[in-house]
Amino acid sequence: MENKVNIPWEDRPAGCKEVVWRSSQNPIIDRYHIPTSNSIFNSAVVRYGDGFAGVFRCDNRSVQMNIFAGRSADGINWEIDENPIEWKCGNTTMIDSTYKYDPRCTWIEDRYWITWCNGYKGQPTIGIGYTFDFKEFYQCENAFLPFNRNGVLFPEKINGKYAMMSRPSDSGHTPFGDIYVSYSPDMKYWGEHRHIMGPTPFPLSAWQCTKIGAGTVPFLTDEGWLMFYHGVITTCNGFRYAMGAAILDRDDPSKVLYRTQPYLLGPAAPYELVGDVPNVVFPCASLQEGDKVCIYYGAADTHVCMAFGYISEIIDFVKKNNCAGK
């Protein structure tokens, strides 16, 4: 079971009026953190043992995409394995893949479940696996047919079933995308696919008008499931990724109660503006402690960064700046 060790935290800087603010230590993980890496970004972090554990996207210097395990005492200073995770057979013997990237991780019942974008015959779908100790890892059946990305599990069953968000896509740099939720009795067979939300009309909220995708594992609040997601606009210089938040119904997460019209965090710092893929803020994990939340995000497809906020303030911001249903 997860521990209650204190999450990384920095108070809001003097004079800052932002609802979500960046860590002064960003980027906390540099692109060359392990000897073989070209970049480390879009990674998952959870509490584990007396500290934290994570699953990290590390592209090597051939720009082959894979995921690696890591550990930290404080959630800031990380030791990341120099070799990718070696998978054993879980509920299937079909565990081959051509790439793995953008992992998420959450504790459900008795183990840590990991999802990622998995290359099946060279095409993207949602991979699923689990671990008990972040030493041995077991790969399960892919959740969906290609093409799909951004698989994010809810941290508990909903109406007796596992629930996962995803973003059906295509084989390339998808110029579209809506968030769906799907259900499973056993983490092997998935169905009951329901639409959650799609991109917004350009005049309403342009930062998320091209495509959106689930970001962090949602967590329950008094208002419902709070999820940080990414939204994309197509500019004259390509895609620009920013972070928003949505509150979903506790019992039926296909019902969007509130959704941010303005973004919470957009690319503005140098490490978000410049990198292998410029202009990217891509949330993948969050840690909560009381009213505090620490958000881990990928910056410019190059580094891992952190941001902070108060959950009550974020909920208030989402409700006051709601564009759900518009």
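Numbers here simply count residues along the sequence, with the first being 1. All values reported here derive from a predicted model rather than from experimental measurement.
- Put simply, I247 and I196 are part of two different groups of oily side chains (I, L, V, M, F, W, Y) that touch within less than 4.5 Å, one to the next.
- Using a 4.5 Å cut-off between side-chain heavy atoms of Ile, Leu, Val, Met, Phe, Trp and Tyr, with links allowed through other members, L265 and I315 fall into the same hydrophobic cluster.
- Side-chain contact between N26 and I28 is present, with at least one heavy-atom pair separated by less than 4.5 Å.
- Under a cut-off of 6.0 angstrom, the local environment of CG in L273 is crowded, with over 12 non-hydrogen atoms contributed by other residues, nucleotides or ligands.
- Residues F317 and P262 are in side-chain contact: their nearest non-hydrogen atoms beyond the backbone lie under 4.5 Å apart.
- With hydrogens and angles ignored, the 3.5 Å screen pairs no side-chain donor or acceptor of S205 with any backbone N or O of Q208.
- Remark: the N148 side chain and the N142 side chain contain no N/O donor-acceptor pair separated by less than 3.5 Å.
- Between the side chains of N237 and T235, no donor N or O sits under 3.5 Å from an acceptor N or O.
- Results of the side chain to side chain contact (heavy atoms under 4.5 Å, CB included) test with V293 over Y310, W9, F228 single out F228 as the only residue that passes.
- In this structure the side chain of P8 reaches within 4.5 angstrom of the side chain of M306, judged on heavy atoms.
- No side-chain donor from either of N279 and Y241 sits under 3.5 Å from a side-chain acceptor of the other.
- A pairwise comparison of heavy atoms in N42 and G298 identifies OD1-CA, 3.3 Å as the closest pair.
- Here the straight-line distance linking atom SG of C58 with atom CD1 of I40 works out to 4.0 Å at 0.5 Å rounding.
- Side chain of W116 to main chain of R57: no donor-acceptor pair is present (N/O by atom type, distance under 3.5 Å, no hydrogens or angles).
- A donor-acceptor pair under 3.5 Å links the side-chain atoms of N60 to the main chain of Q64, judged by distance alone.
- Side-chain contact annotation: E272 with Y297, donor-acceptor N/O pair under 3.5 Å present.
- The backbone N or O of T115 sits nowhere less than 3.5 Å from a side-chain atom of R104 that would complete a donor-acceptor pair.
- A donor-acceptor pair under 3.5 Å is formed between the side chain of T260 and the backbone N or O of A245.
- Residues P103 and A44 come closest through the heavy atom pair O-CB, 3.6 Å.
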Practice task
Please report the C-alpha distance between W207 and Q261 in whole Å, then the side-chain angles of each, then the deciding distance to 0.1 Å, and finally whether the side-chain contact (heavy atoms from CB on, under 4.5 Å) criterion is met.
Solution key: CA-CA 9 Å; W207 71 271; Q261 185 172 11; 6.0 Å; no
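- For the ring pair (Phe, Tyr, Trp, His ring centres under 6.0 Å) with W225, the lone residue among F219, F154, Y258 that qualifies is F154.
- No chain of hydrophobic side-chain contacts below 4.5 Å, direct or via other Ile, Leu, Val, Met, Phe, Trp or Tyr residues, connects F282 to F41.
- Between A69 and F134 the shortest heavy-atom distance is CB-O, 4.2 Å.
- Salt bridge annotation for K161-E192: present, with a cationic side-chain nitrogen under 4.0 angstrom from a carboxylate oxygen.
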Exercise for the section: Go through the steps to decide whether Y48 and Y112 satisfy the test ring pair (Phe, Tyr, Trp, His ring centres under 6.0 Å), and finish with yes or no. Expected result: CA-CA 10 Å; Y48 174 73; Y112 294 90; 5.8 Å; yes
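- Enclosure of atom NZ in K157 by more than 12 non-hydrogen atoms of other residues, nucleotides or ligands within 6.0 angstrom is indicated.
- A 4.5 Å side-chain heavy-atom check between M187 and L153 finds at least one atom pair inside the cut-off.
- Hydrophobic clustering, with ILVMFWY side chains joined whenever heavy atoms are under 4.5 angstrom apart, keeps I311 apart from I7.
- Salt bridge status for K211 with D178: absent, with no side-chain N to carboxylate O gap under 4.0 Å.
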Handout entry: Verdict with supporting geometry, M227 and M165, side-chain contact (heavy atoms from CB on, under 4.5 Å)
Key = CA-CA 11 Å; M227 172 191 65; M165 289 180 285; 3.3 Å; yes
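- Within a 6.0 Å radius of CG in D110, other residues, nucleotides and ligands contribute more than 12 heavy atoms.
- At a threshold of 4.5 Å between non-hydrogen side-chain atoms, the residues H303 and D30 count as touching.
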Problem - Test side-chain contact (heavy atoms from CB on, under 4.5 Å) applied to V318 and D316, step by step - result: CA-CA 6 Å; V318 176; D316 186 58; over 6 Å; no
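- N321 and R259 share no side-chain donor-acceptor pair at under 3.5 Å.
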Practice task
Give the C-alpha distance, both sets of side-chain angles, the deciding distance and a yes or no for side-chain contact (heavy atoms from CB on, under 4.5 Å) between V181 and H193.
Solution key: CA-CA 6 Å; V181 62; H193 314 292; over 6 Å; no
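- A 6.0 Å sphere centred on CZ of F202 holds no more than 12 heavy atoms belonging to other residues, nucleotides or ligands.
- Between F68 and F56, the ring centre distance reaches or exceeds 6.0 Å.
- Residues W78 and I76 share a hydrophobic cluster, clusters being chains of Ile/Leu/Val/Met/Phe/Trp/Tyr side chains in contact below 4.5 Å.
- Annotation: cation-pi geometry not satisfied between R47 and F52 (NZ/CZ under 6.0 angstrom from ring centroid, within 45° of ring axis).
- Looking only at atom types and distance, the side chain of T125 has no donor-acceptor partner in the side chain of Q123 under 3.5 Å away.
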Problem - Candidate pair R71 and D81, rule salt bridge (Lys or Arg N to Asp or Glu O under 4.0 Å), full reasoning - result: CA-CA 9 Å; R71 286 148 294 276; D81 294 344; 2.4 Å; yes
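- Distance alone, capped at 3.5 Å, places no donor-acceptor pair between the N118 side chain and the S97 backbone.
- Here the straight-line distance linking atom CD1 of I85 with atom OG1 of T131 works out to 8.0 Å at 0.5 Å rounding.
- Using modelled atom types, no side-chain atom of S184 and backbone atom of Y162 make a donor-acceptor pair closer than 3.5 Å.
- Cation-pi check for R111 over Y130 is met; the charged atom lies under 6.0 angstrom from the ring centroid and within 45 degrees of its normal.
- Within the 4.5 Å cutoff, no side-chain heavy atoms of K88 are placed close to those of I95.
- Contact annotation: the side chain of V232 never approaches that of I212 to less than 4.5 Å [non-hydrogen atoms, C-beta and beyond].
- Remark: the S169 side chain and the R149 side chain contain an N/O donor-acceptor pair separated by less than 3.5 Å.
- More than 12 heavy atoms of other shown residues, nucleotides or ligands fall within 6.0 angstrom of atom CD in E313.
- Taking both residues in full, the closest heavy atoms of V5 and G51 are given as CG1-O, 3.6 Å, listed atom of the first, atom of the second, then distance.
- Between N77 atom CG and D74 atom CG the span is 4.5 Å, to the nearest 0.5 Å.
- A pairwise comparison of heavy atoms in T210 and F239 identifies CG2-CE2, 4.1 Å as the closest pair.
- More than 12 heavy-atom neighbours from other residues, nucleotides or ligands sit within 6.0 angstrom of OH on Y101.
- D276 contributes no side-chain N or O that, together with a main-chain N or O of S39, makes up a donor-acceptor pair within less than 3.5 Å.
- Side-chain atoms of R167 never come within 3.5 Å of backbone atoms of G151 as a donor-acceptor pair (strictly under, hydrogens ignored).
- Nearest heavy atom pair, residue A214 against residue V152, reads CB-CG2, 3.7 Å.
- In this structure, P283 and Y296 have side chains that are not in contact, with every pair of non-hydrogen atoms separated by 4.5 Å or more.
- Formation of a donor-acceptor pair under 3.5 Å by the T221 side chain with backbone atoms of E223 is found in this model.
- The number of heavy-atom neighbours closer than 6.0 Å to CD of E79, taken from other residues, nucleotides and ligands shown, is 12 or below.
- Annotation for R250: atom CZ does not count as buried by contact number, only 12 or fewer foreign heavy atoms lying within 6.0 Å.
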